[in-house]
There are 2 protein chains.
Amino acid sequence: MPHCHTYLKKLRDHGYRITPQREMIVHIIAHSGRHMSAEEVMEKTREKTSSMNIATVYRTLDLLVENGLATRIDLGNGKTAYATGEHGPHVHLVCRHCGSVTEITESDISASLDKIEDIYDFNCRPYHFSVHGLCRNCRDTNTD
Amino acid sequence: MPHCHTYLKKLRDHGYRITPQREMIVHIIAHSGRHMSAEEVMEKTREKTSSMNIATVYRTLDLLVENGLATRIDLGNGKTAYATGEHGPHVHLVCRHCGSVTEITESDISASLDKIEDIYDFNCRPYHFSVHGLCRNCRDTNTD
DNA sequence: TCCTTTGATGCGAACCTTCGCAACAAGCAA
DNA sequence: TTGCTTGTTGCGAAGGTTCGCATCAAAGGA
Ligand SMILES: [Mn+2]
Ligand SMILES: [Mn+2]
Ligand SMILES: [Zn+2]
Ligand SMILES: [Zn+2]
């Protein structure tokens, strides 16, 4: 269950040091199974300790993303969200007008992502990103 | 050629006021035909006048996006980029490791976007967004 | 043209995220 | 276990973006 150790091992294998801060941050986000902002992770650590710095949270989350262990996503609310593989592959439709966020199954778009993989040799798995546009409601009310 | 007037007319039709600031900003980004950051637009206005505020630039660009007249995109360099329809529909592949940006034709992914349109009734045209992942080079060197 | 209404601007503060650097400590070798 | 090396942390500052509010001016009517 705790995939934390897998993540931590990968970091160690890549030559990064395992610090108490990193262990705690990885534990929190991997076990949550959802999107978390840096500030949310920060608050969660405060339940256990007071020795955590927001810059360290950002740096650790960025480290996970950089190594393919987490994804960064813009849900249009002004703050970046992070999630590990536990969160599963899917795409978010973010309405630029009302801000509504719809989750769509990755299979609805997998054909194109496979194409990107084949043609451009670009790896975007696990599929987790957002497409910003207009939801049905907002398109109906706006007479563009 | 100057689609500026079309953009400005749409804003006016939507009930927004046309100010010198908005005219200048729309003119700059529409004629550039490329991605521009808020700061780049700001600098460009300084060639003509000194009465421009960065908050106004952000507000105007956001207004264009909100009304479907421009797109906002994250090219992974720490600052948001904006572009009007003149920039054309396409998708950017942004490598999370080396930061390289590859432009792919919209047709390579249009099937999936049509699907999103059909199934979820969500409008994401003109297609202009980025997918963050790993380019070939960075995947080869990193033994994940 | 002049006035009124109300949306837009300018400005500083606040918010989110990144950066530089000195102090600290993980990992490793002896 | 001890000490060294060097990656990591904490902290304050800076960069990018948003927000609140007083002032200003676009738009439309008299
Ligand atoms: Mn998600
Ligand atoms: Mn582009
Ligand atoms: Zn909407
Ligand atoms: Zn790369």
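The sequence lines fix the lettering, A, B, ..., with proteins before strands; numbering per chain opens at 1.
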Touch class at under 4.0 angstrom, heavy-atom based, for B:Ser37 against every strand present: nothing

Hydrophobic cluster membership, B:Ile73 vs A:Leu134, 4.5 Å side-chain cutoff: no

Nucleotide of D:dT9, C:dT9, C:dC16 approaching B:Thr56 most closely (side-chain heavy atoms): C:dT9

Touch class at under 4.0 angstrom, heavy-atom based, for B:Arg22 against every strand present: sugar-phosphate

Side chain B:Arg59 and base C:dG7 donor-acceptor under 3.5 Å: no

Separation of C:dC16 P from A:Leu75 CG (nearest whole Å): 15 Å

Qualifying salt bridge (charged side-chain N to carboxylate O under 4.0 Å, His left out) pairs, either residue in residues 20-29 of chain A, two or more places apart: none

Atom-pair distance (OH on A:Tyr58; C1' on D:dG16), nearest Å: 12 Å

Side-chain heavy atoms of B:Lys10 within contact of B:Asn67, under 4.5 Å: no

Out of D:dA27, C:dT18, C:dG27, whichever nucleotide has its closest atom nearest the side chain of A:Ile18: C:dG27

Integer-rounded Å distance: C:dC16 P and A:Leu61 CG: 15 Å

Any B:Thr80 side-chain N or O less than 4.0 Å from OP1/OP2 of D:dG16: no

Protein-nucleotide distance (A:Leu64, atom CG; D:dT8, atom C1'), rounded to Å: 15 Å

Sugar-phosphate, base or nothing in reach of B:Arg12, heavy atoms under 4.0 Å: sugar-phosphate

Heavy-atom donor-acceptor pair, A:Ser130 side chain to A:Leu75 backbone, under 3.5 Å: no

Residue pair A:Asp108 / B:Ile116, side-chain heavy-atom distance below 4.5 Å: no

Whichever of A:Tyr82 and A:Thr19 has its nearest DNA chain C nucleotide further upstream toward 5': A:Tyr82

Qualifying salt bridge (charged side-chain N to carboxylate O under 4.0 Å, His left out) pairs, either residue in residues 111-120 of chain A, two or more places apart: A:Asp114-A:Arg125, A:Glu117-A:Arg125, A:Glu117-B:Arg139

Partner set under side-chain hydrogen bond (donor to acceptor under 3.5 Å, both in side chains) for B:Ser110, not counting sequence neighbours: none

Residues touching DNA chain C, which here means a heavy atom under 4.0 Å, drawn from residues 38-54 of chain A: none

Whole angstrom value for the distance that separates P of D:dT8 from CD1 of A:Ile25: 13 Å

Rounded distance (Å) that lies between atom P of C:dT18 and atom CG of B:Asn77: 12 Å

Value in whole Å for how far the C1' atom of C:dC16 lies from CG of A:Asp74: 13 Å

Spatial distance of atom CZ (A:Arg96) from atom OG1 (B:Thr71) [nearest 0.5 Å]: 9.0 Å

Closest-nucleotide ordering on DNA chain C, the 5'-leading residue of B:Gln21 and B:Gly78: B:Gln21

Contact check, side chains of A:Leu93 and B:Tyr120, non-hydrogen atoms, under 4.5 Å: yes

Look for any protein N or O under 3.5 Å of an N or O in nucleotides 23-25 of chain C and output each such pair with its distance, or none.
none

Pairs involving residues 29-42 of chain B, ordered by first then second residue, that meet salt bridge (charged side-chain N to carboxylate O under 4.0 Å, His left out) (sequence neighbours left out): B:Arg34-B:Glu40, B:Glu39-B:Arg46

Gap between atoms CG and C1', on B:Leu8 and D:dA26 respectively (whole Å): 14 Å

